[in-house]
Each structure stands twice: as C-alpha cells, then as structure tokens.
Engineer: 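Before I ask anything, here is the structure I am working with.
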Protein chains: 2
Amino acid sequence: MYRLSLYYRNLQRLKANQIATVSSAALAKAAGVKPTQLRKDLTYFGQFGTRGLGYDVEALSRKLTEALGTARLQPVILAGAGNLGAALVHYGGFAKEGFEIIAAFDADPRRAAELRVPLLRMNALHAFVADRGVKMAILAVPATAAQAVVNELVAAGIMGILNFSPTLLQVPDGVVVNNVDLALELENLSYFIR
Amino acid sequence: MYRLSLYYRNLQRLKANQIATVSSAALAKAAGVKPTQLRKDLTYFGQFGTRGLGYDVEALSRKLTEALGTARLQPVILAGAGNLGAALVHYGGFAKEGFEIIAAFDADPRRAAELRVPLLRMNALHAFVADRGVKMAILAVPATAAQAVVNELVAAGIMGILNFSPTLLQVPDGVVVNNVDLALELENLSYFIR
DNA sequence: AATTGTGAATTGATTCACAGCT
DNA sequence: AGCTGTGAATCAATTCACAATT
C-alpha cells in the first residue's frame with residue numbers, strides 16, 4: 001500500500017522532532033489524505049491508536065516498519081548504467097528510505113569511473129544476485145533491450161523490478177513490476193492543464 | 001487520462017509498421033488493458049471504430065492527438081540541475097513523446113557544461129517563462145527547497161509541475177502537480193514481494 | 001462473422017456518521 | 001471532550017453481456 005509508506009515517512013519526521021503522539025487528523029494532513037482514510041488504512045493491520053488521544057508515534061512507527069517489511073536496508077541492483085541509471089545511483093532519496101544500490105550491470109562497462117558502485121557485466125549477474133540475496137532491481141535500459149534484460153533478471157532470481165523503460169514487461173507470476181513512465185507522467189500533466 | 005497516452009503510443013508503432021486497422025482486442029493487449037476498457041475509454045470522446053472491423057489507425061491516432069492536446073512539441077523547463085535533473089535533460093524519452101526541455105534553472109549555475117540546454121539563474125525565470133510561453137516545469141530540487149521553488153514557478157506562470165521531490169506541494173487552484181516519488185515506488189515494490 | 005458501443009452489474013475505494021473508549 | 005474504529009452509504013472504476021452495425 002502506497003500510503004503506508006507516506007505515513008511512515010511523516011512519522012519519522014515527527015519522531016525526529018520529539019513529538020510523542022499524533023492524531024489521525026494531523027498525520028493525514030501531512031500525508032495529504034483524509035483522516036478517515038488514514039484510520040481505515042491503519043486498522044487494516046490492527047488497532048494502534050487510543051481513543052481520545054491519537055497514535056503513539058514511536059509505537060505506530062514500529063508497527064509500520066513491520067507491516068512494510070522495511071526492517072532492514074534492502075539491497076537493490078541497477079540494470080542499465082546510462083544517464084538515468086547513473087543519476088539514480090547518485091540519488092540520495094533511496095538511501096534515506098532504506099534502500100541501497102549495491103551494484104550496477106551493463107552490457108558495456110565503460111562509465112565505471114562516474115559511478116560509485118561496482119559496474120559489472122551482465123554475465124556476472126546470476127552469481128551476484130544469488131550471493132548477495134538481492135530481490136529487487138531497477139531497470140533503466142533502452143526500451144528495445146528491456147524485455148531481454150528482464151528475462152535475465154528474472155532468471156537470476158530477482159522478484160521485484162522498478163521499470164523505467166516505457167514498455168509493457170512480460171514476467172512470470174510472482175514477479176512484481178512497478179512502472180515509472182516519465183514521458184507518460186509529463187503527457188498526463190499536459191493533459192490536465194487548461 | 002493515463003491510458004489514452006498509452007494507446008496513442010502503441011498506435012504510433014502500428015502506424016510505423018504500416019498497419020492500417022486495429023481491433024480493440026489487439027490494441028488493448030499491447031497496452032496491457034482489457035478490450036472493454038479500451039472501448040469505454042475511447043467512446044468517452046466519441047465513436048471512432050467501425051463494427052466488425054476495428055479502428056482505423058490513422059484516424060484514431062489523429063483523434064487522440066487532438067484529445068490529448070499533444071498537437072505538438074511542448075516546451076518544458078527544468079528546475080534543479082543536480083544529478084537527477086541533469087539526467088532528465090539527457091533522457092531521450094521526453095523528446096520522443098513530444099516534449100522538449102528548453103532550459104534549466106538553478107540557484108547555483110555551475111554544471112552548465114554538462115548540460116545541453118541553457119542553465120539560467122532563478123531570477124531569469126519570470127521573463128523566460130513569459131517570453132517563451134512555457135506552461136510546464138519539472139521539479140528536481142532537494143525536498144527542503146521544493147516549496148520555495150514551486151512558489152517561484154507558480155508566480156512566473158507555470159501551470160503544471162512534474163514533481164520529483166518527496167514532498168507534498170502546496171499550489172493554488174488551477175495549477176496541477178504530478179508526483180513521481182522514486183523512493184516510494186521502490187518501497188511499494190518491496191512491499192509486494194513475497 | 002467479426003467487432004464495436006453501451007446499459008446494467010459488479011467490484012473496489014472513499015467518505016460518512018456515529019458508537020465506543022479513554 | 002476528544003478522537004479512534006467501523007458498519008453503512010456513496011462514489012468511481014471496471015467488467016459483463018449483448019444488441020447494433022458493417
């Protein structure tokens with residue numbers, strides 16, 4: 001659930017500010033949703049609040065960590081070390097939320113210098129993934145190569161793919177794909193203007 | 001509507017392959033939706049198909065161009081020329097869908113060399129936007145600066161913002177924000193694995 | 001025979017309204 | 001008095017089922 005992560009993020013801020021307790025109204029406002037929705041979302045996992053008071057920031061935060069399975073730093077690999085891929089390696093936002101890109105893979109390992117993670121050949125993929133227990137990959141290769149690379153990722157044991165190429169990927173059951181289609185987002189935006 | 005752009009994209013491919021006519025079943029499959037949904041989506045604008053035959057690729061494509069207001073090359077500016085911003089300037093996917101990043105703005109104009117568009121100071125924003133009739137901006141600044149920059153963008157006349165910073169932006173009515181929260185996407189993905 | 005267009009049915013998500021705790 | 005938890009109501013999106021058209 002998308003929104004849980006959002007709540008979690010805002011709880012971290014409250015915690016950092018030493019705030020011990022928060023109402024559904026306040027937290028919902030920070031996350032940009034309605035209070036009832038937040039409460040519904042939370043009760044899907046159990047009851048965490050105290051009536052008349054609100055939610056204990058620390059306790060709720062712990063529960064969400066658990067629910068989200070964000071307990072530990074998740075290792076992620078990058079497939080495709082082009083412009084976008086390289087930028088994603090440097091992007092600070094992932095680390096902040098508990099993800100670390102631990103290696104990049106590319107058919108052509110030239111830009112190694114600019115990256116700050118090991119850049120490996122695709123043929124090292126299988127061993128690396130098995131060895132490090134990696135479950136997730138970020139896919140930032142050209143659309144033409146996307147499906148072929150996905151097949152390799154899946155064969156290597158990757159279970160979740162964050163896909164930046166504007167293609168409909170074919171994956172077996174059990175493998176999850178999350179698409180981020182940048183051009184589509186812009187197009188959508190332009191549609192809603194005027 | 002998100003899916004319209006998707007249909008449009010696939011129609012372009014068909015057109016490139018000289019295919020004159022397509023059924024809702026075929027186009028829906030390519031776009032990853034159900035045929036009925038595609039038909040519902042299309043009839044929201046009018047009736048374009050011929051029963052027993054399908055849709056004329058050329059005609060439908062034209063209708064969608066019109067409906068999407070994608071008539072042609074929309075100029076976009078970039079606010080924030082850090083890693084992510086720079087990568088977005090180089091990202092080929094935008095141009096392919098009819099968007100061109102025509103300038104970047106940053107408080108600190110140092111990385112100009114790496115960019116292939118003019119890198120301007122924020123104080124040049126207002127004049128530039130007015131002059132070139134820019135309606136859309138991509139926001140790729142640190143979260144802490146996001147709201148301040150948005151305020152400037154809005155003041156300059158920007159009506160649509162593609163926001164890459166993990167923040168809930170405050171904008172006046174009529175201004176549209178589309179959020180792309182990369183860390184959230186990864187987190188969401190990790191939630192759906194196992 | 002094939003395939004669209006669409007009202008009706010279904011499913012899903014959000015919001016309301018208020019009872020129940022503290 | 002304040003605020004959560006939740007069944008019921010509402011609203012939105014998707015899918016079904018089939019008549020209409022070429």
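Side-chain atoms are counted along with the backbone in the values below, which use heavy atoms only and exclude waters and symmetry mates. All chains are named by letter (A, B, ...) in the order of the sequence lines, taking the proteins before the strands, and each is independently numbered beginning at 1.
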Engineer: Can you see which heavy atom on B:V57 is nearest to which on B:I19, and at what distance?
Structural biologist: CG2-O, 3.3 Å
Engineer: Compare every heavy atom of A:F99 with every heavy atom of B:A183, then report the nearest pair and how far apart it is.
Structural biologist: O-CE1, 4.2 Å
Engineer: Over how many whole Å does the gap from A:L27 atom CG to D:dG5 atom P extend?
Structural biologist: 12 Å
Engineer: At under 4.0 Å between heavy atoms, what does A:T36 touch on the DNA or RNA strands: base, sugar-phosphate, or nothing?
Structural biologist: base
Engineer: Between C:dA13 atom P and A:L4 atom CG, what is the distance in whole Å?
Structural biologist: 13 Å
Engineer: Provide, to the nearest angstrom, the distance between the CG atom belonging to B:L60 and the C1' atom belonging to C:dT4.
Structural biologist: 13 Å
Engineer: Check whether any side-chain nitrogen or oxygen of A:Q47 sits under 4.0 Å from OP1 or OP2 of D:dT6, and answer yes or no.
Structural biologist: yes
Engineer: Counting side-chain heavy atoms from C-beta on, which of C:dG7, D:dT6, D:dA19 comes nearest to A:T43?
Structural biologist: D:dT6
Engineer: Need to verify one output field. Residue with the more 5' nearest nucleotide on DNA chain C, B:T50 or A:R51?
Structural biologist: B:T50
Engineer: What's the closest nucleotide to the side chain of B:R3 if the choices are C:dG5, D:dT14, D:dT15?
Structural biologist: D:dT14
Engineer: For A:Q170, does its backbone N or O pair with a side-chain atom of A:Q147 as donor and acceptor, under 3.5 Å?
Structural biologist: yes
Engineer: Please confirm whether the ring centroid of B:Y191 lies under 6.0 Å from the ring centroid of A:Y2.
Structural biologist: no
Engineer: Given C:dT6, C:dT4, D:dG5, which nucleotide is nearest the side-chain atoms of A:Y55?
Structural biologist: D:dG5
Engineer: Would you say C:dT3 has OP1 or OP2 under 4.0 Å from some side-chain N or O of B:S24?
Structural biologist: no
Engineer: Record whether the side chain of B:K40 comes under 3.5 Å of the base of D:dT14 through a donor-acceptor pair of N or O atoms.
Structural biologist: no
Engineer: Are the charged groups of B:D181 and A:R9 less than 4.0 angstrom apart, N to O?
Structural biologist: yes
Engineer: Looking at B:R39, I'd like to know whether one of its side-chain N or O atoms comes within less than 4.0 Å of OP1 or OP2 on D:dT14.
Structural biologist: no
Engineer: Nearest-Å distance, OH (A:Y2) to C1' (C:dG12)?
Structural biologist: 18 Å
Engineer: Using whole Å, report how far CZ of B:F48 lies from P of C:dT6.
Structural biologist: 11 Å
Engineer: Over how many whole Å does the gap from B:F45 atom CZ to C:dT4 atom P extend?
Structural biologist: 18 Å
Engineer: When the distance from CG of B:L38 to C1' of C:dG5 is rounded to whole Å, what number comes out?
Structural biologist: 12 Å
Engineer: Tell me which nucleotide among D:dT14, C:dT14, C:dG5 gets nearest to the side chain of A:Q37.
Structural biologist: C:dT14
Engineer: How long is the line joining NZ of A:K34 and P of D:dT4, in whole Å?
Structural biologist: 16 Å
